[in-house]
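Excluded from the calculations below are hydrogen atoms, water molecules and symmetry mates; all remaining heavy atoms, backbone and side chain alike, are included.
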Amino acid sequence: MITILLFIVLWILRKNIDIVPRLLFLLVVVGGGEIYEELIRKIFHHFSPLNQTLANLWYSFPSEQSLMTLVIYGIVVFILVKTIEKVWIRTFFPFVLLILLILIALNRMFLEVELPSDILAGYVFGGVWLGLTIFTFEFLLLLKNLKIKDGALKRKANL
């Protein structure tokens with residue numbers, strides 16, 4: 001995951017489009033996603049029934065790995081789709097993400113590390129967090145662009 005985050009940081013720097021807002025957005029999505037996940041786990045307090053001993057009890061609902069996988073890969077795909085111009089590549093990345101998420105879920109169920117409900121809940125809560133942060137980011141960028149255009153129109157009108 002760190003490699004993918006490093007890749008997307010370098011990608012943002014290479015593209016040179018709204019560098020500071022995009023890097024802050026990445027930080028808020030990933031850092032906030034981790035805090036969000038911990039808060040949700042504290043709310044549910046659901047112990048995992050799989051491979052438990054009294055020495056290693058852990059809360060399993062929702063799946064931290066599933067939630068953070070969706071958040072990190074989702075934000076990477078979002079940034080790539082927003083910055084790549086070729087249409088076929090823009091449609092390819094979301095399909096790769098979907099296949100990757102399915103394979104990760106199947107792997108965790110096959111190894112009996114997590115229950116399907118925990119994985120599904122991780123994806124749902126991760127999707128909610130990712131959707132809210134993307135909506136907020138796009139809304140703030142839209143407001144910023146409207147203010148810039150409005151200021152330019154007022155200056156033009158004064159000439």
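- Heavy-atom minimum distance, W129 versus V29: NE1-O, 2.9 Å.
- In this structure, the separation between CG on L142 and NZ on K144 is 12.0 Å, given to the nearest 0.5 Å.
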- Kindly indicate, with the supporting measurements, whether the criterion side-chain contact (heavy atoms from CB on, under 4.5 Å) is fulfilled by L103 and N107. CA-CA 6 Å; L103 290 175; N107 179 37; over 6 Å; no
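- The line from OG1 of T133 to CG of L26 is 10.5 Å long, rounded to the nearest 0.5 Å.
- Atom CG in L97 sits 9.5 Å away from atom CD1 in I102 (nearest 0.5 Å).
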- Message: side-chain contact (heavy atoms from CB on, under 4.5 Å), that's the test. Do I84 and F93 meet it? Break it down for me.
- Response: CA-CA 11 Å; I84 292 176; F93 278 117; 3.6 Å; yes
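- Residues I40 and Y36 have side chains in contact (heavy-atom distance under 4.5 Å, counting atoms from C-beta outward).
- Within the 4.5 Å cutoff, the side chain of F78 has heavy atoms near those of the F25 side chain.
- Two different hydrophobic clusters hold L98 and V96 under the rule that ILVMFWY side chains link at heavy-atom gaps under 4.5 Å.
- Between Y123 and L67, every side-chain heavy-atom pair lies at or beyond the 4.5 Å cut-off.
- Note: I119 CD1 to L106 CG = 8.5 Å, rounded to the nearest 0.5 Å.
- Both L23 and V76 belong to a single network of hydrophobic side chains, linked directly or stepwise wherever heavy atoms of I, L, V, M, F, W or Y lie under 4.5 Å apart.
- Hydrophobic cluster membership differs between F92 and L101, with clusters built from Ile, Leu, Val, Met, Phe, Trp and Tyr side chains linked at under 4.5 angstrom.
- Note: the hydrophobic cluster containing V28 does not contain Y73 (ILVMFWY, side chain heavy atoms under 4.5 Å, direct or indirect links).
- Partner of V77 under the side-chain contact (heavy atoms from CB on, under 4.5 Å) criterion, chosen from V81, I75, L80: V81.
- Taking the side chain as every heavy atom from C-beta outward, E38 and E34 approach each other to under 4.5 Å.
- Note: the hydrophobic cluster containing L27 does not contain I134 (ILVMFWY, side chain heavy atoms under 4.5 Å, direct or indirect links).
- Using a 4.5 Å heavy-atom cutoff, the side chains of K82 and E138 are in contact.
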- Might you work through the side-chain contact (heavy atoms from CB on, under 4.5 Å) test for R22 and F137, ending with a clear yes or no? CA-CA 9 Å; R22 289 190 192 278; F137 175 71; 4.0 Å; yes
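- Among all heavy-atom pairs drawn from T91 and W88, the shortest one is OG1-O, 3.0 Å.
- Residues F125 and S66 form no side-chain contact, since every pair of their non-hydrogen atoms from C-beta on lies 4.5 Å or further apart.
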